[in-house]
Amino acid sequence: MAAPASERFDVIVVGAGIMGSCAAHAAASRGARVLLLERFDLLHQLGSSHGESRTIRATYPQPHYPPLVRLSRRLWDDAQRDAGYSVLTPTPHVDLGPKDDPAFVAAVANGGATELAAGEGGARPKWAEVFRVPEGWTMASSKLGGVMKATKAVAMFQALAVKMGAVVRDRAEVVDVARKQGDGTIVVRTSSGEEFHGAKCIITIGAWTSKLVKSVTGTDLPVQPLHVLICYWKVKPGHEHELTTEAGFPTFASYGDPYIYSTPSMEYPGLIKIARHGGPPCDPDSRDWAIGSGEGGLVDPVARWIDEVMPGMVDTAGGPVLRQPCMYSMTPDEDFVIDFLGGEEFGMDVVVGAGFSGHGFKMGPAVGKILAEMALDGEARTAAEAGVELRHFRIGRFKGNPMGNAMSF
């Protein structure tokens, strides 16, 4: 749908990944006139919101995330009900890690997980036998887990936003955000020379956030894009069904070095997604798309982990069957940035959501609602009601403290 340049919107959302699409949906659901702008094609694969799957879990070492995850889980259900179809398949979730690892211990406690002690026999779920838990390690299971169809989920929130009156434009690269002198309107300019006017603006452009914020305000926002690799491995013959969602196999995360995460065999029959968290720094505008870039550090440790912890289940010979590049937008403390851009020019009229550090997708509906409330109301009642402290996500935490909220573990 075209958006006349002369039209004035209540909210202009820059960036149509999961956060921007959820923010547009949340604002439109309140009756706001919303414009959602995407620099590439809709549902592109150049950023961080595409692909077949993402996990949801509440087991976090930081206590401020479980309330956000639980809120988001309810909002996922609401959106699926409104859309009339599902994008989230519930599963159990299991965490593995050294018994004395502070991050693992805190995550289990904060997420309400239950330790699966060895020797419980019939009390242990059948899938627990898949793992050979290393000496000194343990594993804990929690009910709040699941697999989200990432690209399908983004499309769902965009469709719901449009149904509520939002205007969506792709191939509209935003190059400037400014305050119009006189009436205080926020003016958003694109590389093609178009101008769009709005009362408020929400910036959610992932790996490109630092560049835009720097050009607009001169501020260095510490969000570093990372090149990451999603790996799908072949399940060994005879075990294909054991590792599926139909068999009740969980999403899982393994603490220690490296941090490993996985989804059950679902999107590609006979393959299972097991990958390493993180990757080398990159420039989103000049990425090395060759699959071999940094592959040794992103693939080999995963293969060694599989051979040690899931012996006989997954074939590591020859490496993963599929390798899919993606990006993280990483902050030094791996906490999000959810804040007003501030300053004399923008005050509370421009909100930024960034730095979701490879673990934000699951919280997209909650973050989107919070961003919309901040833009429209100047505060986020939803966050307060859910017990989410937004002070953890303020830009100012890096002032004089480049590591922000980083914890000892």
Side chain to side chain contact (heavy atoms under 4.5 Å, CB included) evaluation trace for Val11 with Leu376: CA-CA 8 Å; Val11 183; Leu376 293 170; 3.4 Å; yes

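- A donor-acceptor pair under 3.5 Å is absent between the side-chain atoms of Thr217 and the main chain of Lys214, judged by distance alone.
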Derivation and outcome, salt bridge (Lys or Arg N to Asp or Glu O under 4.0 Å), residues Lys234 and Asp315: CA-CA 5 Å; Lys234 183 174 177 57; Asp315 189 358; over 6 Å; no

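- In this structure, the salt bridge (Lys or Arg N to Asp or Glu O under 4.0 Å) partners of Arg171, at least two apart in sequence or on a different chain, are Asp41.
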Val167/Phe9 under side chain to side chain contact (heavy atoms under 4.5 Å, CB included): CA gap, chis, key distance, verdict: CA-CA 10 Å; Val167 177; Phe9 294 88; 4.1 Å; yes

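- For the 3.5 Å distance criterion, the side chains of Asn405 and His64 fail to qualify, holding no donor opposite an acceptor.
- Taking Trp208 as the reference, Asp285 meet the side-chain hydrogen bond (donor to acceptor under 3.5 Å, both in side chains) condition, with sequence neighbours excluded.
- Note: Thr204 OG1 to Leu37 CG = 10.0 Å, rounded to the nearest 0.5 Å.
- Across all their heavy atoms, Leu116 and Pro125 have their closest contact at CD2-CD, 4.1 Å.
- Rounding to the nearest 0.5 Å places CD1 of Ile338 at 11.0 Å from CD1 of Ile395.
- Rounding to the nearest 0.5 Å gives a distance of 11.0 Å between CG of Leu96 and CD1 of Ile260.
- Ion pair Arg132/Asp307 not flagged as a salt bridge, since none of the NZ, NE, NH1 or NH2 atoms sits closer than 4.0 Å to an Asp/Glu carboxylate oxygen.
- A donor-acceptor pair is defined here as one N or O able to donate and one able to accept, closer than 3.5 Å; such a pair exists between the side chain of Arg276 and the backbone of Gly297.
- Separation of the Phe252 and Trp127 ring centroids does not fall under the 6.0 Å cut-off.
- We find that Arg169 and Glu194 are joined by a salt bridge, their nearest charged nitrogen and carboxylate oxygen being less than 4.0 Å apart.
- Screening residues 337-356 for side chain to side chain donor-acceptor pair (under 3.5 Å), with sequence neighbours left out, gives Arg179-Asp349, Lys200-Asp349.
- No side-chain heavy atom of Val162 sits under 4.5 Å from any side-chain heavy atom of Gln158.
- Ser210 places a side-chain N or O within 3.5 Å of a backbone atom of Leu221 that can act as its donor or acceptor partner.
- A cation-pi geometry, defined here as NZ or CZ lying under 6.0 Å from the six-membered ring centre and within 45° of its normal, holds between Arg54 and Phe361.
- A donor-acceptor contact shorter than 3.5 Å is absent between the side chain of Ser329 and the backbone of Gly355.
- Expressed to the nearest 0.5 Å, how far CG of Leu271 lies from SG of Cys231 amounts to 11.5 Å.
- Ring to ring, Phe356 and Tyr328 are not that close: their centroids are 6.0 angstrom or more apart.
- Taking 4.5 Å as the limit, every side-chain heavy atom of Leu43 sits out of range of all side-chain heavy atoms of Asp170.
- The pair Asp77-Arg73 meets the salt-bridge criterion, since a charged nitrogen lies less than 4.0 angstrom from a carboxylate oxygen.
- Both the sub-6.0 Å distance and the 45° axial angle are satisfied by Arg57 relative to the ring of Tyr60.
- Between Pro325 and Arg287 the shortest side-chain heavy-atom distance falls below 4.5 Å.
- A side-chain N or O of His93 and one of Thr251 form a donor-acceptor pair less than 3.5 Å apart.
- In this structure, Ser49 contributes its side chain and Gly17 its backbone to no donor-acceptor pair below 3.5 Å.
- Counting only N and O atoms by type, the side chains of Lys273 and Ser53 include a donor and acceptor under 3.5 Å apart.
- Taking all atoms of both residues into account, the shortest heavy-atom contact from Ala27 to Ala372 is N-CB, 3.8 Å.
- Using bins of under 30°, 30° to 60° and over 60° for the plane-to-plane angle, the ring pair Tyr259/His277 lands in the perpendicular bin.
- With Trp233 contributing its side chain and Ile274 its backbone, the two residues share a donor-acceptor pair below 3.5 Å.
- Residues Val388 and Phe393 are in side-chain contact: their nearest non-hydrogen atoms beyond the backbone lie under 4.5 Å apart.
- Side chain to side chain, Glu173 and Thr190 fail the donor-acceptor criterion of an N or O pair below 3.5 Å.
- The side-chain heavy atoms of Leu144 and Ile56, taken from C-beta on, include a pair separated by under 4.5 Å.
- For His392 and Tyr65, the ring centers sit 6.0 Å or farther from each other.
- Two rings, from Tyr261 and Trp305, have their centers 6.0 Å or more apart.
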Audit row: Leu35, Val13, side chain to side chain contact (heavy atoms under 4.5 Å, CB included) steps and yes/no: CA-CA 6 Å; Leu35 172 64; Val13 182; over 6 Å; no

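- Minimum heavy-atom separation, Gly198 to Ile12: N-CD1, 3.7 Å.
- Counting only distance, with no hydrogens or angles, the side chain of Glu240 and the backbone of Pro269 share no donor-acceptor pair below 3.5 Å.
- Minimum heavy-atom separation, Gly279 to Val228: N-CG1, 4.1 Å.
- His44 and Glu38 are linked by a side-chain donor-acceptor pair at a separation below 3.5 angstrom, with hydrogens and angles left out of the test.
- Rounded to the nearest 0.5 angstrom, His227 NE2 and Met327 CE are separated by 10.0 Å.
- Between the side chain of Gln324 and the backbone N or O of Gly51, no donor-acceptor pair lies under 3.5 Å.
- Residue-environment remark: NZ (Lys152) exceeds the threshold of 12 foreign heavy atoms within 6.0 Å.
- At distances below 3.5 Å, not a single donor-acceptor pair connects side-chain atoms of Thr55 with backbone N or O atoms of Val147.
- The pair Arg397-Asp333 counts as a salt bridge, with a side-chain nitrogen and a carboxylate oxygen less than 4.0 angstrom apart.
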Full working for salt bridge (Lys or Arg N to Asp or Glu O under 4.0 Å) between Arg74 and Asp78: CA-CA 6 Å; Arg74 296 193 296 272; Asp78 291 345; over 6 Å; no

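- By the 4.0 Å N-to-carboxylate-O rule, Lys149 lies close enough to Glu52 to be salt-bridged with it.
- Scanning both residues, Cys201 and Val188, for their nearest heavy atoms gives SG-CG2, 4.2 Å.
- The shortest non-hydrogen separation linking Glu373 to Thr382 is OE2-OG1, 2.5 Å.
- For the pair Thr331 (side chain) and Glu334 (backbone), a donor-acceptor distance under 3.5 Å is present.
- Taking 4.5 Å as the limit, some side-chain heavy atom of Leu36 sits within range of a side-chain heavy atom of Ser21.
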Derivation and outcome, side chain to side chain contact (heavy atoms under 4.5 Å, CB included), residues Met310 and Phe131: CA-CA 5 Å; Met310 299 179 70; Phe131 300 101; 4.0 Å; yes

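- Side-chain contact check for Arg30 versus Met164: every heavy-atom pair is 4.5 Å or farther apart.
- To the nearest 0.5 Å, the span separating CE on Met363 from OG on Ser72 amounts to 7.5 Å.
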